[in-house]
Every structure is written in C-alpha cells, then in structure tokens.
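First comes the structure, then the notes that go with it.
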Amino acid sequence: MKRERTALELSKTFDPKSAEERWFQLWIDRGYFTADPAKPGKVFSIVIPPPNVTGQLHLGHALNVTLHDVIVRTRRMQGYNTLWLPGTDHAGIATQNVVERELAKEGKTRHDLGREQFVARVWQWRELYGGKILHQLRRLGASCDWSRERFTLDEGLSRAVTKVFVMLHDQDLIYRGHRMINWCPRCETALSDLEVEHKESQGSLWYIRYPFAEDSGWMTVATTRPETMLGDTAVAVNMDDDRYRSLIGRKLRLPLVDRIIPIVGYEGVDRNFGTGALKITPAHDPFDLIVGQIFKLDAISVIDKQGKMSSEAGAYASLTREAARKKIIEDLEALGLVEKIEPHKHALSVCSRCDTPVEPMISDQWFMRMREMAAAAARAVHEGDTEFHPKRWENTFFNWLSDIQDWCISRQLWWGHRIPAYWCTSCEGEPIVAEERPAACPRCGSDALRQDEDVLDTWFSSGLWPFSTLGWPEQTADLQRYYPTSLLLTGFDIIFFWVARMMMFGLKINPNGAEAMAEQVPFRDVYITPLVRDQFGKKMTKSRGNVVDPLEIMERFGTDAVRFTLAQLSVQGRDLILSDDRLAASRAFANKIWNAARFVLMNLEGAPQPLAPVVTAQLGLAERWILSRLDKAIREVSKAIDEYRFNDAALIVYQFVWHEFCDWYIELSKEPLKAGGERQAAARYVLVTCFDRMLRILHPFMPFISEELWQAIRPYLSDTSLTEHLAVAKWPAAAEADWIAEVEALAMDRCIATTEAINSLRSLAGHHPGQRVTAVIRPRVELDHDGLDDWRNYAITLGKVAELKILAASDGRPTGTVFAPMAWAEIGVVTPEGFDFEKARGLIRKKLDEVETHLKRNQERFENPGFRAKADAETIAEIEQKIEELKVQKKTLEAQLEQLQ
Ligand SMILES: [Zn+2]
Ligand SMILES: [Zn+2]
C-alpha cells in the first residue's frame, strides 16, 4: 500500500469519519481478523451474543461490542490465536411479528399466505434488512472474524438443533406434556416463564355471590377476572377458616351457567384474600389447576387461543375477554349478585414481546427437564470452572437454577426450527422423533406422516451457540481449536435466558468429547456488563425520551471517543452514567493525542528513517523517567485488562498520555530537542519510542486514531519485526530492568512538585502568567546537590524561572517571598517590587469568606430533614457534590493565606 501521509502532512485536526472508514476496510481486506486454527499460539476465543436479526444498534450493544473489542484487540496483539465469532439470532416471535405487521399493511395475515410462503417471505425480509445490525457493529470497529458470520437458522446450526433435540429426547430429557403454560393470544403461541413480564396494574376486585344449590343464601367470592367464572368447577376455602369450615362439602349453583359445584377445603387457600372463599377455574389458573387435580375437578376451558370466549362459554362465546367481562358483570348486577367492586392493584402478566395479557392455558407442548442439567451448571460455577465477573451475579445464577421449572420449548410459530417429531395419521400413536423424516411409521408401516407444526423457542438454538457456530456436530478444526471459549461478555438481563442455558447445553452435550468436567464448560469467564444510565442516573427508556442513539454520538464525537468513554465508565458492579460531558472529554483526549503527534513529527524533521537506536548511557534523567513511567503504565494496563477492569485500564492510558507524556515529557524534551547533537537524538528517540508504545496500549480503546498516528511515526521505528499496521502489532512489553534508580525517581517527583508549586505561586505573588520569576528552594535538611543538579534545569525551564536560588537549611526565610510548604523544603517565588502582602491577603480573605458562607448555607440545607424529605435523589447528590467542591476551595484558599504570611 502507498503510504497515506508523510509526517509533515498530518492534518491540523483529526477527522474521525475518514479514518474510521479507511482503516476498518483495510483491516478487513488484509484479513487481520480472520482466525486460523492451524496457526500456533495460545487460544483466545469468544462468541458474540447474537443480536436479533430485527435489531437496531442501541447503547447496550455499543457497550458490549466495545468491551469485546478492547479485550479481543489486546489478545490479538499479545500474540494469542484469536477468534471473535459474530452472527445474529433469528428471534422467532420478534421477526415473525415484524413481517406480520408488514403483511397487515397489505391487508393480509400469515394464514392468507400459508406456512411455506410466509416463511419464504421472512427469509426475503432477512436478506433485505437482517444485516443492518451487523453493519452497525462494524462501524464501532468490531474486529470480529466476519468471514465466520453465523445465523441461528442457517443450515449448520439447524442441524445442530435437530441433533440436540433428538439426543435429549432419546435420554428422556425432552418430553411432550399436557400442562398449564403461558399463552399469548396475540402471538398465538406458548411462552416460557421468562418471556412473561409482570406489571403492576390497577384493576378491580369483584365480589360475586354464588347461591347455595339447595338452600337460600349465598357465598361471596372475590375475583380479579370475572370472565373466568364460566369455567369454575368449585369454590375452595381454607379448612382452618372458622367462617367456612362447616360449609365444606355443600354445593353451590354457579350463576349464569347453572352448574352445580362443590365447596372444597384446601390448606393452600389464603384466608386474607377477598372473602377467603376462592373460585376455582382449573383450566385458567395454575393454582386452581393444582386444586382441581387434588379434588378431581373438571378443567373447563372457556377462553380460546385467540383470547376469545370459547363455545363452553355459552351465551358469551366468541366475545373477547374484555367484552365478556363487561357483559358478565352487567348480567350479574341485573341478578343482584354483585356485592361490591373494589379498586385492586395486582401484578398483570403480559407477553414480553407484545404486551398482551397472557392467558394461563392447559395445552400439549414440548418440555425440557431442567433439574439435572441445572444442577450441573450450578456445580460448574461452584467449583470455579466458570467464573462470573462481578462475582455477585453468581448468586442470581444459583437462585434461578435452584428453583427451576421444566422449560416449555415449543412455540406455535412458523419462523424457527421446526420440531423433528413426526405424527402417524394412521395409527395415531406417540410421535416419531428423528433427525431425518422417516420413510414410514415403524409401528404400522404407513407413510402418512405429518411433521409437528411447532417450532422451538429461539433460546434453544442460541443455547447451542458456543459450539454450533464452530461446526458441531462435526469435529471441525475450529471446534477442536476454539472450544471451549475463553470468555462470555453479556448483559445481566439474559443470564437466565442465555448464559444458564448455554452452560446446561454445553455440559450436557460435551461438544468436543472432553473427559474432565473442567473441559466441558462452554466458557471460562462470564463478564456481566454494567447497565447504562443517562447523566441523571435514570434508566434510558423510550417513554422518558432519554435514549441515546450510539450512531448519533459516534457522528458527533467520533467512534474512538464513544468507545473510550464506554470503557472508561465500565466499573464492575456499578451502573454506567453516560453524559455529553464525558464524551466531550474523550474527544478532547483524542485531540490532545493528535496535537502531541504533531509536536513529535514536527521535531522529527530531517531525522533519519528509521531513527538510529540510542544506548541507555545517552539518556538523560527525563528520558529515563518517562520510559520508566511508560513501563509502569504498560504493566498496569495489561493487568487491568486481564482482570476485566476496563475503567482502570482506560484511566491508566489516559493518565500516562495526558499527564506524564504530554504535560511533562513533551515540555522536558523541548530543551534537548533544541540542543542538537546527541541530546537531540536521544530526545527524538524517546519521543518516538513512547509514542509508539503508547499508541499500542491505546489501540484497543481507540483503534482508529491510534492506527492513523502510528502510520505517521512508523517510518521512524527501527524494530525489524515491525508489522505493517498497528491492528496486528505486538503488545508492548515492559523492560525487565528499571530505567531509573529509586533516588532518581524521588528527584523527579521533587522536580514535578517544585515546578507545580512555582507555577501556582506565580499568580498568587502578583506576576503575569508568562512572567519569568525568581524562585527559591529552602530545604528543611541540607540537600544533596548532585541529585539536585539532575533536575534543577527542568524546573527552571518548566517553571519559567529566571533565577533559582537554593538556600541552606540553616538560612532564614527571605522577606518579599511567597512560600508553599513541602515535606522536604519550602518552595518560594519572589514577589514583584511594591507587592502589597496585606492587600493580597485581604483579597484572599474576602474570597474565603464568600466560600465559607456558601458552604455553610449548603451544609444547612443538606442537613435539613424537611428539605431532604422533599428533594429528589438527584438534587441531594448535587448539593453533596457542591459541598465537596467548596471544601476543596476553602482548603486551597487557607493554604494561600498561609503562603502569604
Ligand atoms: Zn405476544
Ligand atoms: Zn403408524
């Protein structure tokens, strides 16, 4: 490739957009992200949590992909054989809903098309729009192996799904059951418990009188769902309830239906709910079903699969649930059977996909036995084969697993993996479960076989994702080399849906035939990403209108700045508070690096390409100091990334680049750069060396700007094994021996402290900001002048000092000087002629008074219980922060008063 720019052509400012497009395409074209199982090296492999094929990039994805990319790029540079496998999920209900809505615009339903045509239509939709989310992930710089992209419904993954279904069915872990499940009347499918949301809802409690069958009088039952009364087959009371004990065994006449139903006694009835007498509808409530089974009651289904009243509902048949409720209450009121109606808050169960109230329904479905598989998953985590970060999520994981119900895996949808079970229409026995459609019924020889209409829950296929994507059931080279994976990085909201199920499937299937339990977990580590909140700490929701679109902030701040911000804010176990201020700060950081690069390149004019290596003896204290700080940063960043402390890693890079390299070393290098000769050569060498390594540790966070700048300094690097691009460059290693002796490190600390003191005293002493001053060091004990000579010139340059006077420890404090105290010395700046100390102190005192008044007022407000009761959490936090700031100001002013004595 032709080199893009020469050093001197680096533009004035960074243009994120052009860099992002240019470098990403080049990395892909070069195959830098393509994994090769034949290559040597320790493995680092990870599979992406497959976004829904209907997905639109949101901040959760952006955070997830950023953190993935930080660790994947680091491992790649560290020489691991790295695989990051991308793909999408077919998202059964969600995708079917999208296409059904499209059809509705044409006035059609899926039934008008028929199954085959409808599924073809969904595939068509997927071809057109399904790749969108993956394109958005690319824009974030995701260094996935895009040549290995998978889809949960592709041929290979479908084969894996069928095989697992048959295997588990053969082991009696998958079975067909007649059970109460959650039914969504809008989606017209069964749902698993996890797909049902419980929403607090304001409803009513209707008190309805059920007359005795033989005598006069009645019993009053209370219900939140009067329409189900048409299916009542008993009324239950607690047998310890004195009000009702004597009534057990008597009969009631169910109003509107005229069915005679018994009063039964059951210990599970809550005496405190309503009247303590509970109507029992076994077909439409899980608790009632249990009571029904104990007392052998009929389960009469009065609501059908579309949420309408069934033929069993008599006069109310074909009404919707809502219309039937209204009419039933009217009819009961006409009969004088409604005693009262009370407002009542209760948890309404709704479909997580479409918000429709779900209907508990008894139905024939496929289930998976979970107990044994769940125990294995829990054991693997207990034994440390898989570890969660932060660790506290392990408890969430254990709680769910210990209390797990069998999983309803069949869905009455058309878009998904069709269940490999075949029903014989001639002999009508149990279905034949097989990987391939059997030619004939093994029982009667008939070839009239019908495949089960249902498809599998989407999470069934995503549960196989870590190994199905690597080619299982074939023992492919990928599977052998990259399974088990190293890490799973995902959001807490799918720990049950996905993480737990991958653990269960992985342990059960044992995809690469490992012998030891430790070999079978699908991933070693699980990192749970923080929840992203807005600048006020509020959850981002559509209804609040505070949702941040990642594409929009990438446009405004540049992708590097967005990535850096997300990583920097990812503290384990804490929510992530995103604000424009933080994004702007990251953009400023990118600009700082850009300007530093311009400085370095400007000072390389005329330098040889590559630079001649420099021996340690040629390096001055400042050079050796910055190299030692860089090594420290490299060591700490590597460790932080290993421990998934993304925030610490980002902060270390930031501190080094901004404060140590830009604020100090660049300033310190100016003098030797001007001096020419060996000293200039040494400074150039160190600037380039630092910049190179600094870009390497920055690269995982800010891949685009780092690559762009690295290309500019690359010609000056003398490393013979240099790669062409930073994306595949080596992760830097810290030097074995330290660059700097302990006394020298101490000297540099003193130099920095002295310079900072001089700069802050300059304005206090009434000098102009750029004014060269006379500075004084008054040591507490006699100074070692050799050590001092090493750094006094740095302090003179950076502190803009005209003359630096070093006093003896025994000398008195000179007058006309302001002083700042240090542990080892007092640093002073001589005031200008005629400086009025009294006036200066007066000004400071006035400021101090203002700050103290302000502080007092805020503290009183903060401590006032009346105020605290009314203010929201954000206001209180704001005041608390203000108090902290004022305290710091107060301390600074007090110190300045001291310095003016
Ligand atoms: Zn639904
Ligand atoms: Zn048959």
Side-chain angles (χ1 to χ4, degrees), residues 52-55 89-104 109-111 118 122 125 166 169 176 180-199 201 225 284 286 303-308 320-322 347-366 407-416 419-460 462 493-494 496-497 542:
N52 284 354
V53 68
T54 51
D89 191 292
H90 68 281
I93 299 186
T95 313
Q96 179 158 327
N97 283 354
V98 168
V99 178
E100 284 191 285
R101 272 202 296 277
E102 256 187 19
L103 284 177
T109 71
R110 65 182 158 121
H111 300 284
F118 177 77
V122 186
W125 180 92
V166 174
H169 180 265
R176 197 153 166 85
M180 181 160 284
I181 44 95
N182 306 293
W183 181 267
C184 174
R186 208 231 47 97
C187 300
E188 285 190 56
T189 179
L191 304 171
S192 72
D193 296 341
L194 287 177
E195 291 161 301
V196 175
E197 277 173 18
H198 304 281
K199 277 187 166 177
S201 156
R225 299 195 59 199
H284 294 290
I303 299 170
D304 71 11
K305 292 186 167 173
Q306 282 92 41
K308 295 206 174 107
T320 62
R321 290 179 288 182
E322 297 72 21
L348 184 67
S349 302
V350 299
C351 167
S352 62
R353 285 284 157 205
C354 74
D355 233 23
T356 304
V358 298
E359 193 58 52
M361 201 171 270
I362 301 171
S363 152
D364 287 314
Q365 301 288 343
W366 293 92
W407 173 17
C408 175
I409 51 175
S410 43
R411 296 289 177 275
Q412 288 63 52
L413 303 172
W414 286 353
W415 177 243
I419 289 179
Y422 303 86
W423 299 83
C424 173
T425 48
S426 303
C427 69
E428 294 188 345
E430 283 294 299
I432 305 135
V433 171
E435 283 182 54
E436 303 287 339
R437 183 192 189 90
C441 168
R443 285 183 300 263
C444 72
S446 161
D447 61 359
L449 295 175
R450 178 177 58 77
Q451 186 171 2
D452 199 293
E453 297 291 328
D454 293 353
V455 300
L456 286 164
D457 181 359
T458 301
W459 295 101
F460 190 94
S462 36
D493 51 338
I494 51 176
F496 308 141
F497 282 106
K542 270 192 193 140

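Whatever order the structure lists ligands and atoms in, that order sets their numbers, starting from 1.
- Around the Zn ion (ligand 2), the two atoms SG of Cys444 and SG of Cys424 are separated by an angle of 100°, to 10 degrees.
- Angle SG (Cys187) to the Zn ion (ligand 1) to SG (Cys354): 110°, rounded to 10°.
- Taking the Zn ion (ligand 1) as the apex, the angle formed with SG of Cys351 and SG of Cys184 is 110°, to the nearest 10 degrees.
- The closest side-chain donor-acceptor pair between Asp454 and Trp366, if any, does not fall under 3.5 angstrom.
- Taking the Zn ion (ligand 2) as the corner point, the angle from Cys427 atom SG to Cys441 atom SG is about 110° (rounded to 10 degrees).
- Looking only at atom types and distance, the side chain of Glu453 has no donor-acceptor partner in the side chain of Gln412 under 3.5 Å away.
- If you check the side chains of Ser410 and Gln365, you find a donor sitting under 3.5 Å from an acceptor.
- A tilted orientation is assigned to the rings of Phe460 and Trp407, their planes being inclined by 30° to 60°.
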